[in-house]
Protein chains: 2
Amino acid sequence: MSSIEHGSAWSALEAELREDILTGRIRPGERLGEVALAERFAVSRGPVRDALRKLAAAGLVSFLPNIGARVRVFSREDARALYELRAALESDAARWAARRAGQERASSLVQLLGQHAESIAAHPAGAYLQNGKDADFHIVIAEMAQNPLLRNLLADELYPQLALLRRQHRNVDGRGRVALREHENIADAIINGDDELAALLMRRHIEASWNALSGQLEAGDTEK
Amino acid sequence: MSSIEHGSAWSALEAELREDILTGRIRPGERLGEVALAERFAVSRGPVRDALRKLAAAGLVSFLPNIGARVRVFSREDARALYELRAALESDAARWAARRAGQERASSLVQLLGQHAESIAAHPAGAYLQNGKDADFHIVIAEMAQNPLLRNLLADELYPQLALLRRQHRNVDGRGRVALREHENIADAIINGDDELAALLMRRHIEASWNALSGQLEAGDTEK
DNA sequence: ATTTTAAATATTGTTAACAACAAGGAATGC
DNA sequence: GCATTCCTTGTTGTTAACAATATTTAAAAT
């Protein structure tokens with residue numbers, strides 16, 4: 001079998017484009033011309049269109065008919081709606097995780113937080129929320145909730161959008177230590193099977209995260 | 001301007017295909033061959049692919065690389081996850097609607113329920129949940145919540161999937177009168193600004209809806 | 001100089017042909 | 001008779017050319 005599978009030209013494209021967008025190599029608002037991308041990946045425009053449509057469905061790319069695709073730019077209202085929805089989804093995720101958590105998964109959660117604590121001790125500067133450590137924690141909980149639909153919605157749509165949103169505002173989020181503390185409390189509640197507490201703490205955790213970001217949004221404006 | 005706009009061949013396709021799927025003209029599990037659809041709509045395979053990708057993103061069509069597209073078939077687990085997620089989203093929608101409802105919107109809600117009551121009186125057979133009357137009610141609340149992301153998620157993804165799911169199991173749902181009563185109670189809570197009550201009633205309303213469907217699912221099996 | 005109009009250019013939407021893959025059936029071997 | 005292999009057929013993935021739309025540039029008129 002050749003290393004290049006047939007029906008997956010756009011699959012590789014989509015992954016690499018996604019990476020470029022999330023790491024900021026292609027910046028919010030930047031044009032995504034089909035011909036340019038086709039040349040760059042040495043492929044025709046067909047697969048490029050597929051990949052762009054897929055990224056548009058994931059909310060990372062905005063699409064205007066007859067105009068083209070750009071890396072999505074979040075308005076302030078977009079950001080608010082995103083965090084509000086996230087708070088709703090994740091607080092229920094935490095609730096269900098607390099009810100349904102198996103012993104294995106719960107232990108993987110504490111192990112994860114152990115790694116995070118080390119990571120913070122090693123880099124006191126406090127870039128905890130970078131490197132996807134924060135996302136890891138939330139994804140584990142989303143999996144523990146045992147609802148595939150919810151899991152995919154969070155992991156494939158909301159979290160990438162959040163990453164792009166933070167990138168757009170060069171968000172550094174200095175609350176690394178505080179966030180870790182909140183994570184630990186949420187984990188405790190889940191392990192103890194206290195579903196109401198887990199849901200409440202998760203909601204507050206995300207609201208706090210929103211408040212931190214919202215403050216930074218005051219300065220840097222977002223054009224429509 | 002001509003009645004046929006250029007950059008929207010697939011847009012019309014998508015709408016008509018969606019209609020065919022939701023009305024059951026094309027049934028769950030049925031193949032959606034690109035050439036057949038291209039001939040039917042007198043268009044090439046390109047726009048057909050676009051439309052199918054869009055419907056796949058909306059969860060109405062399942063897609064296997066190198067194999068093709070079929071109308072989605074929901075497993076029992078899919079259905080459970082769908083209703084569970086819906087309960088979470090809509091109970092928050094009701095909560096926010098109660099907090100943020102403007103007077104105009106609230107009155108449109110009571111007006112809507114008035115029409116529904118007439119509809120039930122006229123057709124006591126009780127097909128209340130058909131004809132999209134039920135969906136209308138829930139969409140109005142989703143709009144009242146004033147979160148565009150949530151609104152689109154519900155109106156463009158979850159509700160179509162629910163409609164397809166019900167179609168798959170020929171669900172008739174005899175609880176028309178009961179459902180209307182529940183709707184009225186939810187509307188009252190929203191109008192009174194009682195957000196906690198609205199959220200609770202909505203959650204129970206959807207759980208009751210799930211229980212009704214879940215019972216019918218016992219008989220008719222769903223293949224993977 | 002400014003605004004308006006018109007041509008030129010670049011980009012997206014669509015099409016039809018070609019290439020690669022999957023599925024089913026016939027022929028062959030045991 | 002049964003299984004396996006190969007081939008045929010139908011379908012999806014990809015490509016390159018064509019059509020239509022948006023944008024930019026330049027010219028012309030006020």
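Worth knowing before you read on, the calculation uses all heavy atoms, side chains too, and leaves out hydrogens, waters and symmetry mates. Every chain is numbered from 1 and lettered A, B, ... according to where its sequence line falls, protein lines coming before strand lines.
- Distance alone, capped at 3.5 Å, places no donor-acceptor pair between the R95(A) side chain and the A199(A) backbone.
- If you measure from atom CZ of R45(A) to atom P of dT11(C), you get 10 Å, rounded to the nearest angstrom.
- Under the 4.5 Å side-chain criterion, counting only non-hydrogen atoms from C-beta, Q168(B) is not in contact with R72(B).
- Considering only side-chain atoms of R31(A), the nucleotide from dT15(C), dT11(C), dA22(D) that sits closest is dT11(C).
- Residue pairs meeting the ring-ring contact (aromatic ring centres under 6.0 Å, His included) criterion with at least one partner in residues 79-107 of chain B, sequence neighbours excluded, are Y83(B)-W210(B).
- Annotation: proximity of residues 46-63 of chain A to DNA chain D (heavy atom, distance under 4.0 Å) is found for G46(A), P47(A), numbered in ascending order.
- Residue N66(B) places its side chain closer to dA22(C) than to any other of dT14(D), dG13(C), dA22(C).
- Distances from the side chain of S44(A) to the nucleotides dT14(D), dA22(C), dA22(D) place dT14(D) closest.
- One atom, CD of E34(A), and another, P of dT14(D), lie 15 Å apart when rounded to the nearest Å.
- With sequence neighbours excluded, the residues forming a side chain to side chain donor-acceptor pair (under 3.5 Å) with R99(B) are D195(B), listed by chain and number.
- Nearest to the side-chain atoms of V43(A) among the listed nucleotides dG13(D), dG13(C), dT15(D) stands dT15(D).
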_Between S214(B) and N211(B), does the side-chain hydrogen bond (donor to acceptor under 3.5 Å, both in side chains) criterion hold? Intermediate values first, please._
CA-CA 5 Å; S214(B) 183; N211(B) 287 334; 5.8 Å; no
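- A salt bridge links E84(A) with R100(B): at least one charged nitrogen is closer than 4.0 Å to a carboxylate oxygen.
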